[in-house]
Visitor: 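One structure, as structure tokens, below. Some questions next.
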Amino acid sequence: MASLSSNLLFIAFILYLVATPFYGGAIKSKKELNENKGTNKWGVIAVALTIVGFISQLGYFITRWIAAGHAPVSNMFEFTTFFGMALVGAFIVIYFIYRTSLLGLFTMPVAILVIAYASMFPKDITPLIPALQSYWLHIHVTTVAIGEAILAISFAAGVIYLVKAIDQTKSSKRTFWLEVVMFSLVAVLGFVAVSTVFSASGYHETFNWTDKHGKVTVMEYTMPALTGPNEGELLTKDGFKPLVEMPAIINAKKLNTVIWSLMAGLILYGLIRLVLRKRIAAALKPLVKNINLDFVDEISYRSVLIGFPVFTLGGLVFAMIWAQMAWSRFWGWDPKEVWALITWLFYAAFMHLRLSKGWHGEKSAWLAVIGFVIIMFNLVAVNLIIAGLHSYAGS
């Protein structure tokens, strides 16, 4: 069953990968503007491949649930793959409302990167720790992922808006920060690349270290340790000695992975710029030259309008109920809880500024992008680096 589950996920990934160029073909041949009155053959093929891929990934989710005996959202690999599936599902729904292939051209690469990112984490099915042995695991975590996936659609629409609206013929703060967003996506590719290289080479080294409770335990690295664990003692003969030792509150191994990913991302970004000879956003601009900005702005806003209450339920209401049941308190200032609150407050401010202050258009697009950055920081940095009660999510 576990083997079938992995195969279904792989098939879904390939179908998403194949579908993406067809969305580009749909844009090129149809030159969609705003409310598309039908679609061309490229768009039909792209959406069909996406739907089949989604069904395949749904099959992965169900078969892994059967094999594990619980909802497969209990570790970094499972949660992130579910987030990717929810993102594709949200796109399919939005597509049939607005009928625009352009959204697929920008959304599918994000979904592909999310699933590729997830695939770099351990895929073994492990028993649930006591705190997770509750039906609230299914309710809380899946609702959070669905809410974040819908909000991610607003990010894709926001990026489309900014690529269209920002003048790429001259350097400015706007072009700089938009290119930072593009680099962030490339950095995910860097993580996949560097993880694959070191995994293929069989790199491995072991440390004894002292955790924040003063307990001495073992930490295994699969990449050269640029950042070493607290009071770490290298056990591997001829292993790479860390450049700096991290305090116990920081997960040195995961921080090390992030640093390697950023380094690989910088190299990949440099190569891409060398080939394109222009900013990535500038290279994407011809794809969006015919779109209607008001139409994209509406998609971005409506995605937040739907995703925000879903995230509120999963990230705050259901989370507090489960926290009370598991730890006998609604709130404990755990890093994950704090960043869930920050995410909620940001999107609450987004709605306020949109409705009360008239922040439409480019301002709203920047807010959508920043909101997704906060979500990804919560998923990557908080899960991987900062130790807390939710550290199991980064296993």
Side-chain angles (χ1 to χ4, degrees), residues 1-26 39 41-126 137-138 141-153 155-156 185 188-189 191-192 195-196 307 310 379:
M1 187 67 73
S3 177
L4 173 61
S5 176
S6 298
N7 290 337
L8 288 171
L9 180 61
F10 179 72
I11 291 170
F13 179 81
I14 295 300
L15 287 171
Y16 297 153
L17 206 59
V18 173
T20 302
F22 284 100
Y23 284 110
T39 187
K41 62 178 182 179
W42 301 112
V44 170
I45 294 171
V47 174
L49 288 170
T50 303
I51 292 173
V52 174
F54 178 78
I55 293 171
S56 180
Q57 192 170 359
L58 186 61
Y60 142 79
F61 183 76
I62 294 171
T63 53
R64 189 173 176 94
W65 190 331
I66 294 170
H70 58 78
V73 289
S74 62
N75 58 40
M76 197 66 174
F77 167 71
E78 293 176 343
F79 176 83
T80 310
T81 50
F82 180 79
F83 173 59
M85 182 177 73
L87 175 55
V88 174
F91 160 69
I92 291 171
V93 172
I94 296 293
Y95 173 83
F96 281 105
I97 295 174
Y98 292 102
R99 298 282 181 172
T100 175
S101 298
L102 182 64
L103 189 62
L105 185 61
F106 280 75
T107 302
M108 294 310 296
V110 176
I112 290 167
L113 286 175
V114 166
I115 296 171
Y117 172 71
S119 69
M120 296 297 105
F121 293 96
K123 305 174 184 63
D124 298 336
I125 296 175
T126 55
L137 170 70
H138 315 157
V141 182
T142 55
T143 308
V144 168
I146 292 170
E148 290 179 343
I150 299 170
L151 293 172
I153 297 296
F155 162 76
L185 297 175
V188 178
L189 273 179
F191 169 78
V192 174
S195 298
T196 302
V310 176
L379 176 65

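Residue numbers count from 1 along this sequence.
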Visitor: Which atom pair, heavy atoms only, marks the closest approach of L103 to A156?
Guide: CD1-CB, 4.1 Å
Visitor: Would you check if the distance from the ring center of F191 to the ring center of F121 is below 6.0 Å?
Guide: yes
Visitor: Residues two or more places apart in sequence or in another chain: which of them pass ring pair (Phe, Tyr, Trp, His ring centres under 6.0 Å) with F83?
Guide: none
Visitor: Would you say the side chain of M108 lies within less than 4.5 Å of the side chain of V88, judging by non-hydrogen atoms?
Guide: yes
Visitor: Give me the atom names and distance for the closest heavy-atom approach of A68 to I125.
Guide: CB-CG2, 3.5 Å
Visitor: Determine the minimum heavy-atom distance between A145 and A86, stating which atoms define it.
Guide: O-CB, 4.1 Å
Visitor: With L49, which of I45, V52, I51 fulfils side chain to side chain contact (heavy atoms under 4.5 Å, CB included)?
Guide: I45
Visitor: Between L9 and F61, does a side-chain contact (heavy atoms from CB on, under 4.5 Å) hold up when you go through it step by step?
Guide: CA-CA 8 Å; L9 180 61; F61 183 76; over 6 Å; no
Visitor: Under the criterion ring-ring contact (aromatic ring centres under 6.0 Å, His included), which of Y23, F106, F155 is the partner of F91?
Guide: Y23
Visitor: Please determine which of I115, L8, I62, L15 meets the side chain to side chain contact (heavy atoms under 4.5 Å, CB included) test together with Q57.
Guide: I115
Visitor: Can you give me the closest heavy-atom contact between F54 and M85, atom names plus distance?
Guide: CE1-O, 3.3 Å
Visitor: Consider only side-chain N and O atoms of T50 and Y95, and report whether a donor and an acceptor are under 3.5 Å apart.
Guide: no
Visitor: About how many Å separate CG of L87 and CG of L151, when rounded to the nearest 0.5 Å?
Guide: 11.0 Å
Visitor: In Å and rounded to the nearest 0.5 Å, what is the OG1 to CD1 distance from T100 to I94?
Guide: 11.5 Å
Visitor: Could you work out, with side-chain hydrogen bond (donor to acceptor under 3.5 Å, both in side chains) as the rule, every residue matching T107, not counting sequence neighbours?
Guide: none
Visitor: Evaluate T81 against Y60 for side-chain hydrogen bond (donor to acceptor under 3.5 Å, both in side chains), listing each step before the verdict.
Guide: CA-CA 10 Å; T81 50; Y60 142 79; 2.9 Å; yes
Visitor: For A19 versus A46, what's the shortest heavy-atom pair and its separation?
Guide: CB-O, 3.7 Å
Visitor: Measuring from atom OG of S101 to atom CH2 of W42, what distance do you get when rounded to the nearest 0.5 angstrom?
Guide: 12.5 Å
Visitor: Please report the closest heavy-atom contact between L17 and P21, naming both atoms and the distance.
Guide: O-CD, 3.2 Å
Visitor: Could you tell me which residues satisfy side-chain hydrogen bond (donor to acceptor under 3.5 Å, both in side chains) with E78, sequence neighbours excluded, listed by chain and number?
Guide: R64, S74
